[in-house]
S.K.: 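Encoded as C-alpha cells, here's the structure I'll be asking about.
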Protein chains: 2
Amino acid sequence: MIHVNKRSGMESKKKILVAATKVFSDYGYKGASMRMIAGAAGISIGGLYLYFKNKEDLYGTLIRNRLDDLTEETRETLRDIQDPAEAMSTFISMRVKYARKHRELILVLGKEQAITFGLKAKRKFFEDQRRVIEEIVRKGITSGRFRSCDESEVAKIIICALRGFILSMIVEPDALFSHEECSNLILKGILAKK
Amino acid sequence: MIHVNKRSGMESKKKILVAATKVFSDYGYKGASMRMIAGAAGISIGGLYLYFKNKEDLYGTLIRNRLDDLTEETRETLRDIQDPAEAMSTFISMRVKYARKHRELILVLGKEQAITFGLKAKRKFFEDQRRVIEEIVRKGITSGRFRSCDESEVAKIIICALRGFILSMIVEPDALFSHEECSNLILKGILAKK
DNA sequence: GGATAAACTAAACAATGATTCACGTGAACA
DNA sequence: TGTTCACGTGAATCATTGTTTAGTTTATCC
C-alpha cells in the first residue's frame with residue numbers, strides 16, 4: 001500500500017540542503033538564486049519547489065536543522081564534565097571546532113541578520129547557549145573556582161566574545177588564533193596577578 | 001569664473017550617503033535597491049548617478065568614509081593615555097559607544113562580508129585596530145601591569161572578542177551589557193585569584 | 001534678456017529574479 | 001501490460017533590478 005519511489009525524494013531533499021548551504025554561504029540570501037541552488041544540487045529549478053514551498057522556506061529549514069543539531073551536541077558533551085573551568089574550555093573549543101568544520105553555516109548565519117525568519121531560530125539558539133554558560137559560571141562561583149560576579153551578565157559577555165572569535169575566524173581565516181588562547185584569556189584575563 | 005549652482009551638489013551627495021546608510025543597513029547590499037535609496041534621499045533615480053558611478057561605488061564610498069573617521073578618532077583619543085589598563089578600557093568603551101551611535105554602519109558592515117570591494121577597506125580597518133591594541137598590550141607587559149603573553153596573539157583575540165560584543169549589541173539590543181563589564185572580563189578574566 | 005552649465009527628472013532598457021505550470025519519466029502495483 | 005503517481009523538467013510569466021539617456025529646470029554670468 002505504501003508507495004515509495006526508487007528515486008527517493010529524501011535523497012534529493014538532502015542534496016538540495018547541502019547545495020543550498022554552500023550557495024547561501026557564498027552569496028548570501030539575496031545573492032543566491034534558485035537557479036544557482038538548483039544547478040549546484042544537480043536538479044531542475046522546478047524540482048526545488050517539490051520539497052520547499054519557496055526560497056524563504058528552504059533557507060529557514062536549513063538554519064533550523066543545523067542549529068538544533070549543535071545545541072543537542074553541546075548538551076551531550078558537557079553532561080559529564082564537573083570542573084567548571086574545564087567545562088568552559090570545552091564549550092569554547094567545541095564551538096570553535098564546530099565553526100571550523102561547518103564554515104558555510106556560520107557564513108550563512110552571519111550574512112543575513114535582518115531576514116526575520118532566520119532571526120527567531122538564531123535568537124533561540126543563542127539563548128540556549130547563554131543558559132549553558134550561565135550554569136557553568138554559577139557552578140564555578142559556588143565552588144570557589146571562579147571569582148564572584150553576576151553570572152548572567154558574564155554569561156552574556158562570554159557568548160558575545162565567542163561569537164566574535166568565530167566570526168573573525170571565518171571571515172579572516174589567515175588571522176588564526178588557537179582556542180586554547182581564547183579560553184586562557186577568558187579564564188585568566190590579561191592583568192598580572194598581584 | 002567659478003560656477004557654483006545654488007542647488008549645491010554637495011548637499012545632495014550627503015543626503016544620499018545618509019539615506020544609503022539607512023537603506024543598506026535595513027536591507028543589505030543586495031536587498032537595497034537604487035530606487036529605495038533614491039526615495040529615501042528624496043531624489044530621482046537618475047540623480048544618484050550624478051554623484052556615484054554605480055551602486056558599488058556608492059556602497060564603497062560609504063564604508064571607506066566611516067571607517068577612516070573611526071580610525072582617526074581612536075588614535076586621537078588614545079594619544080595621551082599612559083596607563084595600559086586604562087587605555088584598554090577606553091579603547092573598548094570607545095568602540096562600544098561608537099557602535100551604539102552608528103548602529104546602521106555596523107549593520108551594513110556585518111551584513112556583506114562577501115562583497116569584495118567592502119572587504120578590503122574592512123580588513124585595513126581591523127588591521128589598524130589590531131595594531132593599536134598590540135601596542136597597548138606591549139606597553140602593559142613591559143610596565144609589569146599585564147601578565148606576560150604573546151602580545152600579537154592576545155591583540156587578535158581581544159579584537160575578535162570586541163567584534164563579538166559589538167555585533168551582539170547591535171543584533172540583540174535587548175541583551176545589553178555594560179562596556180565596563182566587558183573591560184573587566186578581558187582585564188581580570190573569570191578565575192578566582194589564588 | 002540670453003546663454004551656459006550644473007542639477008535633476010522620468011521614462012525606457014536589457015538582464016535577472018522567484019515562481020508556476022503543462023508536460024515527461026519510470027518504478028510499483030493490479 | 002497498463003495504470004498510477006511520486007518525481008522531475010524547463011520554458012513561460014511577471015515583477016524588479018541596475019543603468020542609460022533624452023529632456024527639463026534653475027542658478028549664475030555676460
Side-chain angles (χ1 to χ4, degrees), chain A residues 1-24 26-63 108 111-112 114-118, chain B residues 1-24 26-63 108 111-112 114-118:
Chain A
M1 200 49 66
I2 304 154
H3 201 97
V4 178
N5 208 316
K6 268 272 173 63
R7 325 182 244 175
S8 164
M10 277 307 118
E11 234 169 76
S12 295
K13 188 162 185 174
K14 272 209 185 103
K15 267 200 308 187
I16 293 172
L17 281 172
V18 170
T21 306
K22 171 89 175 104
V23 177
F24 277 131
D26 282 349
Y27 301 96
Y29 179 78
K30 273 276 181 180
S33 78
M34 295 300 264
R35 270 176 183 74
M36 293 163 75
I37 295 171
I43 203 175
S44 67
I45 306 161
L48 296 180
Y49 290 85
L50 293 174
Y51 301 98
F52 302 95
K53 220 169 70 254
N54 49 34
K55 190 180 181 183
E56 183 174 326
D57 180 37
L58 171 51
Y59 179 80
T61 305
L62 196 145
I63 298 290
V108 174
K111 216 158 285 187
E112 309 290 336
I115 310 280
T116 38
F117 44 88
Chain B
M1 199 50 67
I2 303 151
H3 201 99
V4 177
N5 207 316
K6 267 273 176 61
R7 319 185 251 179
S8 163
M10 277 307 119
E11 232 170 77
S12 294
K13 189 163 184 174
K14 274 216 182 94
K15 267 200 309 188
I16 292 173
L17 281 171
V18 170
T21 306
K22 171 89 175 105
V23 176
F24 276 131
D26 282 350
Y27 300 96
Y29 179 79
K30 274 275 183 181
S33 78
M34 295 301 264
R35 275 168 183 76
M36 292 163 75
I37 295 171
I43 204 176
S44 67
I45 306 160
L48 296 180
Y49 289 85
L50 294 175
Y51 301 99
F52 302 96
K53 221 170 68 255
N54 49 34
K55 189 182 182 182
E56 183 174 324
D57 179 37
L58 171 52
Y59 179 80
T61 306
L62 195 145
I63 298 288
V108 174
K111 214 158 288 187
E112 308 291 334
I115 310 280
T116 38
F117 46 87

S.K.: State which residues pass salt bridge (Lys or Arg N to Asp or Glu O under 4.0 Å) with B/K22; sequence neighbours excluded, sorted by chain then number.
M.R.: B/D26
S.K.: Send over the distance from B/E11 CD to C/dC8 P, rounded to a whole Å.
M.R.: 9 Å
S.K.: Using the side chain to side chain contact (heavy atoms under 4.5 Å, CB included) criterion, which residues pair with B/K13? Sequence neighbours excluded.
M.R.: B/M10, B/Y51, B/F52
S.K.: Calculate the interatomic distance between A/K13 atom NZ and D/dG8 atom C1'; express it in whole Å.
M.R.: 16 Å
S.K.: Would you list the atom pairs, donor with acceptor, under 3.5 Å between side chains in residues 33-43 of chain B and any protein atom, with sequence neighbours excluded?
M.R.:
unit_1, atom_1, unit_2, atom_2, d
B/S33, OG, B/R35, N, 3.4
B/S33, OG, B/M36, N, 3.1

S.K.: Extract from the structure each pairing of a protein N or O with an N or O of nucleotides 17-23 of chain D at less than 3.5 Å, listing the distance.
M.R.:
unit_1, atom_1, unit_2, atom_2, d
D/dG18, OP1, B/A32, O, 3.2
D/dG18, OP1, B/K55, NZ, 2.7
D/dG18, OP2, B/M34, N, 2.9
D/dG18, N7, B/R35, NH1, 3.1
D/dG18, O6, B/R35, NH2, 3.2
D/dT19, OP2, B/Y49, OH, 2.9
D/dT19, OP2, B/K55, N, 2.9
D/dT19, O5', B/Y49, OH, 3.4

S.K.: Measure the distance from CZ on A/F52 to C1' on C/dA18 and round it to the nearest whole Å.
M.R.: 16 Å
S.K.: With a 4.0 Å limit, can you tell me whether A/S12 has a side-chain N or O closer than that to the phosphate oxygens OP1/OP2 of D/dC7?
M.R.: no
S.K.: Take the C1' atoms of the five end pairs on each side of the helix from C/dG1-D/dC30 to C/dT16-D/dA15, derive the two axes, and give their angle rounded to 10 degrees.
M.R.: 20°
S.K.: Rounded to the Å, how far apart are B/I43 CD1 and C/dC8 P?
M.R.: 5 Å
S.K.: Measure the distance from CD1 on A/I37 to C1' on C/dT19 and round it to the nearest whole Å.
M.R.: 13 Å
S.K.: In Å and rounded to the nearest 0.5 Å, what is the CD to OG1 distance from B/E56 to B/T61?
M.R.: 10.0 Å
S.K.: Nearest whole angstrom, please: distance from the P of C/dC8 to the CG of B/L48.
M.R.: 11 Å
S.K.: On a heavy-atom basis, which atom in B/A32 and which in B/Y27 lie closest, and how many Å separate them?
M.R.: N-CB, 3.7 Å
S.K.: Measuring from A/I16:CD1 to A/T21:OG1, what's the distance to the nearest 0.5 Å?
M.R.: 11.5 Å
S.K.: Could you state the interatomic distance from OH (A/Y29) to NZ (A/K55), rounded to the nearest 0.5 Å?
M.R.: 5.0 Å
